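Okay, so here's the structure we're looking at.
Only a predicted model underlies this, so the values are computations on that prediction, with no experimental measurement involved. First the proteins, then the strands, lettered A, B, ... as listed; each starts at 1.
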Amino acid sequence: MDAKRRNSGLPRGGASQAKRGKTGDWEDSPSNFEEELALFEEADMEAEEREGQAGHDVIPVGELFSADLNPRWRRPQAAPLNPDSDTLVFQQIDLDYYLGAVVAGMPGQSQGNVPIIRMFGVTDSGNSVCCHVHGFAPYFYIPAPNGFTSDHLSEFKRELNSAVLKDMRSNKDNISVTVLAVDITRKESMYGYHGKRIADFLCITMAMPRLIAPAKRLLEQGFKFGHFPIQSFSSYEANIDFEIRFMVDSDVVGCCWIELPKGKYRVSLCQYEVDVGWTQLISHPAEGEYQRIAPLRVLSFDIECAGRKGIFPEAEKDPVIQIASMVQRQGEKEPFIRTVFTLQSCSSIVGSQVLCFTKESQLLQSWAEFVRTVDADIITGYNIQNFDLPYLLNRAATLKVKLFPYLGRVQGIKSVLRDSSFQSKQMGRRENKILNMEGRVQFDLLQVLLRDYKLRSYTLNAVSFHFLQEQKEDVQHSIITDLQNGNEQTRRRLAVYCLKDAYLPLRLLQKLMCVINYMEMARVTGVPLTYLLSRGQQIKVVSQLLRQAMKQGLVMPVVKPEGGEDYTGATVIEPEKGYYSVPIATLDFSSLYPSIMMAHNLCYTTLLQKGSAEKLGLTPEDFIKTPTGDLFVKSSVRKGLLPDILEDLLSARKKAKAELKKETDPFKKQVLDGRQLALKISANSVYGFTGAQVGKLPCLEISQSVTGFGRQMIEQTKQLVESKYTTANGYQADAKVIYGDTDSVMVKLGVDTVSRAMEVGREAAEWVSSHFTPPIKLEFEKVYYPYLLINKKRYAGLYFSSSADTHDKMDCKGIETVRRDNCTLVANLINTCLQTILIDRDPQGAVAHAKEVISDLLCNRIDISQLVITKELTRTAQEYAAKQAHVELAERIQSMFWRTTFPLTPSTTWNNSSPSHCSASLSPSWERAKQRASY
DNA sequence: TGGAGCACCTAC
DNA sequence: TTAGGTAGGTGCTCCA
C-alpha cells in the first residue's frame, strides 16, 4: 500500500525547500522516525476505511475544536448496563477516597458527609469504570482497660466523641458525630510472643479518616471516662492509610480485578459510574484468568515552549507552541493515536494528525479537552511531573484558560499543583511537584528510571540510547524559538521532534515493561499502583504484614519513632589482595537474610521479651537464643508472620526464575530477571523494615539477630571449606577463602581448570549447606578466572557460570568503571586496561595504553568536556587555565590507574611488572609531557 | 603531613 | 506528614 498517497502533493523531502532563513543549519532529509511514523499510516488504513474517517491530515482548527474531530479518540461505546441482570467486572487501577454526601440505600451512616472509597478501572472491553464504595469507615484499636465491660461502651463512646469535638479548632464540615462506634473485640498484639494470650481490645470506628489522629492523641495523653481513673492508652493500627485499611479488609490488592454481582450495585450517573456497598464487591486474587490486564489507555505527551535565548522557559512569559500526544492500548504494539497540536500552521506529517491553532489559549483548552476525550488511564512522558504538567497548568493560569485544569476523571475536580519533598536515606531528598488527576495514574518515566535504574545520565536522549539504541530527533534547544518563528516547514520539523519525544517514553515503557512490572509489584504487595512511585519501601511491607496479621487476629501497635543505637551489620572477610591466575570459585547464600528469618522463625510475633520465657513457663526446647542473645519461640510454638510473607515472595520469585529459564527472547528474559530481582528486593526489604528505626514498626531484636546469624554463618562457611578441602584429606591443594562479603565466599580451591572449579565448588556448596537449617542454602554461583582482587568491595574478574569454556562477561565491582562519580575517560581507560590484563593477560599492554591516554591528555589531544572527574574537580578545573587543568587531571587519572590496576604487593605474581617497575618506566615521558603541557 | 570528618557511591 | 539496613573505599577539606 502506498503510505504516501494521503500526502499527495507534498514532497517527502519537503523540508528541504524550507532550508532558507536563519535556521538553515539543520539537516532535513526525512529522519528514520518520520519513516517509522509513515509505516503506522499503512497499518491504520484499513481501520480508517472501515470507520470512514480521514484522521491524519492537517486540520487548521482555529476556533473550531471539537472532541469529535477524530472518533477514535473516544473509548469504545459502552454497552448498556442493567444492575439487576448484569455483573460488572473491571480491573481496578487506582483507588482513593473522598468525603461525600450519603447516598440513600447504601450502607453506613445515614446523614452528613461520609468517606467514600473510589475505585477507577477498565473493563475487558475497554470501558472505564468509576466505582464508589460505600459504608467503609476508618477505625483503630486500643487495649480495653481493666474491668471494662459492654456496659461501659456507650459512656466511653460519648466521652471520646465530645473530647474529639472539643479538640477541633474549626468544624468546617459541621461534624456532629466523630465516634461512630466502639466495640469490644478479642485481639492479640503482634509485637512479642505472650503465649497467644488473646485480650479484649476496643475497636473505635471514626466518622472520617482525619479524626483518627486526634482521637489517638487524646487517648494517649490521658483520657478519663465514667468512674475509670484517668489513664493513657496505647493505640494499634491508628497509623494506617485509609486506602490501605480498606484494601486489606476487603482483600483488594493493587491492580486486581473487581466483580460487582448483579443486584448488588447501582448505576448512579453516567454509564459505568456505579455505587456499591463495601461488603458486596468481590475481589479476585491475581491468579489464572485474573492475571490478565485490561486494555488500558496509555497517553504519552511532550510539550515545546518558545523560550527566550539562554533562559529556561517560564510559564508566566513563554508560550507553549506544540503539544504532541501518543495513545496506546496496553498490550498493543503501536500507538493508535498520534497527534500534535501546534500554534500556527504546520505542514503535514505522514502517520500523524496535525491540529493547528491560531491562539495559544485555544490550543491549551483543546488539548485538555483531548485528554478528557481520550480518557487515558495512565499518563506518561519524560519529566512530565516536574516540568510539562506544571508548565501547562501555570501557563493556562497565566492565560486564564478556565477549562484547562480539569484533567482528572471526576467532573468538576480541579487539578492543583502542590510541592512535596520526599526524603529517605535511600534516595536522598527529592523535591517534587504533585498534581492531582483523579482516576489517572501519572507514570512519569523519568521517575521510574530514577527509582529503578542506576544510570550515568538521565536525559531522554541518553536513556533512549542506552535501552533502545535510538536517539531523539536532532533539534537544539536554542533553535526551537527560531523554528517556531520560521514557516510551516520549520514548524513541521519541530513537530516531528516533539512527536518523537512523546513516542520515546512509550517505547521505553514497553521495552522495560514498566507497566506490567509495576502492576505485578502492586499485586504482590497489595498497595495501589500510585504508591509504588510516590511512597517508599515501608508501605509495601506494612500492607503485607497487615494482611497476614488479620488472618490470625493480630493487631499492629503504633510506635513512636525514636532514633536509637545503630546495630552491627555484616562481615566482610579481609581480602588476600592480588592477581589470581587460577580459577576462583564463588559460593553464595541465596537470599541470606530472608532465609535466616525463615529458618529461625524470626518475627515480631515470636519475639520473647525480657522475662517472658519464665513467665510463660517455656522450656528451652520451645525457643532459640540468637547470636545477639535475643530469644524467639520456635515455629512449633508459633509460626511467625514475617516468615510467611517471605515464603510467599520467594515462591513467586522461584516461579519468575523458572519462566526466565524457559524464555528465549532476550529482552523478555531481561524483564523476567527484573521481576525476580524486584521480588528479591521486596524480600530483602522485609529485613530492612525491621531495622528502620524511624519506621512504622522497628524491631532491632530481629534485625540484629539476622545480621548476627549472617556473621556467624560466613565465618563457619570459611572454616568448613578450609577444613575439608585440604591435601591431608586427599585434595589437590589446601583450599583458601581469599575474600567474602556478607553472604559469599571466594575460594581458591587449588584446581587448574574452570570446569574442575565448578565441580568442586558445587560439591562444597552442597556439603556446607547440609550444616545449616533449611531453607538456608549455600549455592555455587560462578568461577572467576583470572581474578583481580584490589580491596574490600573492589575487584574484577572474568565470570564463568554457564560454560566452562567461555566467560559470560568481565565482572567489575566497585571499581571506577562502575562508579558514576568519574568521567568517562577514566572509566574507559580503566576498563580497557582491565580487559588487557584479564582477557589478553598483558599487563604491559595495559601500561602502554595508560601511557598513551595520559600523554594524549597532557598534549591536549582530548576534548576538555570529557575531563570532568568529580564535582570537586570541576571547580578546580575551572579555576585553572585549561592546560594546567589537564595536568591536574592527568595526575589524578594516573594515580587512579595505578591504584586500580596494580594495587598488589610485590610478592604477587606479576612477572616483572610490579607497580614500582612500571611507574619508573613511565616517569620520564610523564615528566616531559607534563613540562610541555604546563609550558 | 597525617588523620578526623564528611560527601559520595557502591557491595551486599 | 514521611522516610529499608550496615560496611566500606576513595577523595576532599580542615586543622593541629
Side-chain angles (χ1 to χ4, degrees), chain A residues 209-210 212-213 239 241 418-430 432 434 451 454-456 525 531 534-542 545 561 563-575 577 586 588-594 597 677 680-700 702-708 710-711 714 739-746 781 790-796 811-822 826-827 869-876 888 891-893 895-896 899-900 903:
Chain A
R210 68 176 167 82
I212 297 247
N239 55 349
D241 300 284
R418 279 183 299 142
D419 281 312
S420 88
S421 94
F422 182 95
Q423 192 176 355
S424 79
K425 271 190 195 167
Q426 192 177 218
M427 291 183 288
R429 177 183 281 275
R430 210 159 268 180
N432 275 319
I434 293 182
R451 265 184 186 250
K454 294 223 168 253
L455 303 173
R456 272 178 191 274
T525 58
Y531 276 39
S534 64
R535 305 278 292 265
Q537 299 291 331
Q538 294 207 31
I539 188 67
K540 296 194 273 187
V541 183
V542 170
L545 197 55
E565 292 272 296
D566 282 355
Y567 61 92
T568 313
T571 299
V572 182
I573 294 174
E574 196 57 43
K577 300 174 199 172
T586 304
D588 287 35
F589 286 104
S590 54
S591 304
L592 178 71
Y593 288 175
M597 295 171 89
L677 200 67
K680 180 184 174 170
I681 290 166
S682 274
N684 277 335
S685 62
V686 172
Y687 150 77
F689 177 80
T690 66
Q693 300 197 37
V694 192
K696 280 255 156 75
L697 196 61
C699 180
L700 294 201
I702 296 176
S703 35
Q704 69 181 3
S705 294
V706 170
T707 57
R711 289 193 298 275
I714 196 168
Y739 180 57
D741 186 346
T742 309
D743 62 352
S744 66
V745 285
M746 273 65 157
E781 269 254 325
I790 296 164
N791 211 336
K792 282 183 175 176
K793 298 186 191 284
R794 282 168 69 84
Y795 59 82
D811 204 17
C812 297
K813 291 292 161 68
I815 300 174
E816 279 72 11
T817 53
V818 296
R819 292 180 65 93
R820 297 176 299 167
D821 51 359
N822 287 271
V826 170
I869 297 198
T870 63
K871 279 177 194 160
E872 293 303 325
L873 263 167
T874 312
R875 190 169 59 74
T876 317
E888 296 266 323
E891 281 174 353
R892 273 286 307 281
I893 291 170
S895 73
M896 216 177 270
R899 205 194 42 258
T900 303

*Measure from the side chain of A/Lys792, starting at C-beta and using heavy atoms only, and say which of C/dT6, B/dC12, C/dG8 lies closest.*
C/dG8
*Nearest whole angstrom, please: distance from the P of C/dA7 to the OH of A/Tyr739.*
14 Å
*Nucleotide nearest A/Arg794 (side chain, heavy atoms from C-beta), chosen from C/dT10, B/dA11, C/dA3*: C/dT10
*If you round to the nearest 0.5 Å, how far is NZ of A/Lys540 from OG of A/Ser685?*
6.0 Å
_If you apply the rule side chain to side chain contact (heavy atoms under 4.5 Å, CB included), what do you find for A/Thr568 with A/Arg711, and how did you get there?_
CA-CA 10 Å; A/Thr568 313; A/Arg711 289 193 298 275; 3.5 Å; yes
*Kindly indicate whether the side chain of A/Leu700, heavy atoms from C-beta on, has any atom under 4.5 Å from the side chain of A/Gln693.*
yes
*Would you sort out whether A/Arg535 and A/Asp241 count as a side chain to side chain contact (heavy atoms under 4.5 Å, CB included), showing the intermediate values?*
CA-CA 12 Å; A/Arg535 305 278 292 265; A/Asp241 300 284; 2.9 Å; yes
_Distance check, P atoms only: C/dG4 and B/dC12, in whole angstrom units._
23 Å
*Would you mind telling me which of C/dA7, C/dG5, B/dC12 lies closest to the side-chain atoms of A/Asp743?*
B/dC12
*Nearest non-hydrogen partners of A/Asn684 and A/Pro594, listed with the distance*: OD1-CD, 3.3 Å
*Under 4.5 Å between any side-chain heavy atoms of A/Met597 and A/Val706, yes or no?*
yes
*Now, which nucleotide makes the Watson-Crick or G-U wobble pair with C/dG4, with each of the two distances under 3.5 Å?*
none
*Whole angstrom is fine here: how far is it from CG in A/Leu592 over to P in B/dA11?*
18 Å
*Nearest-nucleotide pick for A/Thr742, side chain only, options being C/dA3, B/dC12, B/dC8*: B/dC12
*Out of B/dC12, B/dC8, C/dG4, which has the shortest distance to the side chain of A/Gln538?*
C/dG4
*Taking CG from A/Asn432 and P from C/dA3, how many angstroms apart are they, rounded to a whole number?*
14 Å
_Proximity to the side chain of A/Lys813 - top-ranked nucleotide from B/dC9, B/dC12, C/dG4_ = B/dC12
*Under 4.0 Å between any heavy atoms, over every strand shown, what does A/Thr568 touch: base, sugar-phosphate, or nothing? Just pick one.*
sugar-phosphate
*Paired with C/dT10 by Watson-Crick or G-U wobble geometry, both distances under 3.5 Å: which nucleotide is it?*
B/dA7
*Compare side-chain N and O positions of A/Arg535 against OP1 and OP2 of C/dA3 and report whether any pair is under 4.0 Å apart.*
yes
*To the nearest Å, how far apart are A/Ile539 CD1 and C/dT1 C1'?*
13 Å
*Of all the nucleotides listed (B/dC8, C/dA7, C/dT2), which has the minimum atom distance to the side chain of A/Val572?*
C/dA7
*Starting at atom CZ of A/Arg819, determine the distance to atom C1' of B/dA7, rounded to an integer number of angstrom.*
11 Å
*Of the options A/Thr742, A/Val686, A/Asp743, which is the one that meets A/Tyr593 in a side chain to side chain contact (heavy atoms under 4.5 Å, CB included)?*
A/Thr742
*Output the single nucleotide from C/dA7, C/dG9, C/dG4 whose closest atom is nearest the side chain of A/Lys793.*
C/dA7
*For B/dC8, does OP1 or OP2 lie under 4.0 Å from any side-chain N or O of A/Arg820?*
no
*Identify which nucleotide among C/dA3, C/dG4, B/dC9 has an atom closest to any side-chain atom of A/Asp821, counting heavy atoms from C-beta outward.*
B/dC9
*asked:* Whole angstroms only, please: what is the CD1-P distance between A/Ile815 and B/dC9?
replied: 18 Å
*How is A/Tyr795 classified with respect to the nucleic acid when contacts are heavy atoms under 4.0 Å: base, sugar-phosphate, or nothing?*
sugar-phosphate
*Rounded to the nearest Å, what distance is computed from the CZ atom of residue A/Arg210 to the C1' atom of nucleotide C/dT1?*
16 Å
*How long is the line joining NZ of A/Lys454 and P of B/dC9, in whole Å?*
8 Å
*With sugar-phosphate meaning primed atoms plus P, OP1 and OP2, does A/Gly691 contact a base, only sugar-phosphate, or nothing at under 4.0 Å between heavy atoms?*
sugar-phosphate
*Which residue, A/Glu816 or A/Ala692, contacts DNA chain C at a nucleotide closer to its 5' end, judged by nearest heavy atom?*
A/Ala692
*asked:* Any base atoms under 4.0 Å from A/Val818, or only sugar-phosphate, or nothing? Heavy atoms, all strands.
replied: sugar-phosphate
*asked:* Taking the minimum atom-to-atom distance to the side chain of A/Asp566, which one of C/dT6, C/dG9, B/dC12 wins?
replied: C/dT6
_B/dC8 phosphate, OP1 or OP2, under 4.0 Å from A/Asn822 side-chain N/O_ = no
_Need one value for A/Tyr567: base, sugar-phosphate or nothing, where a base atom within 4.0 Å counts as base even if backbone is also close, heavy atoms only._
sugar-phosphate
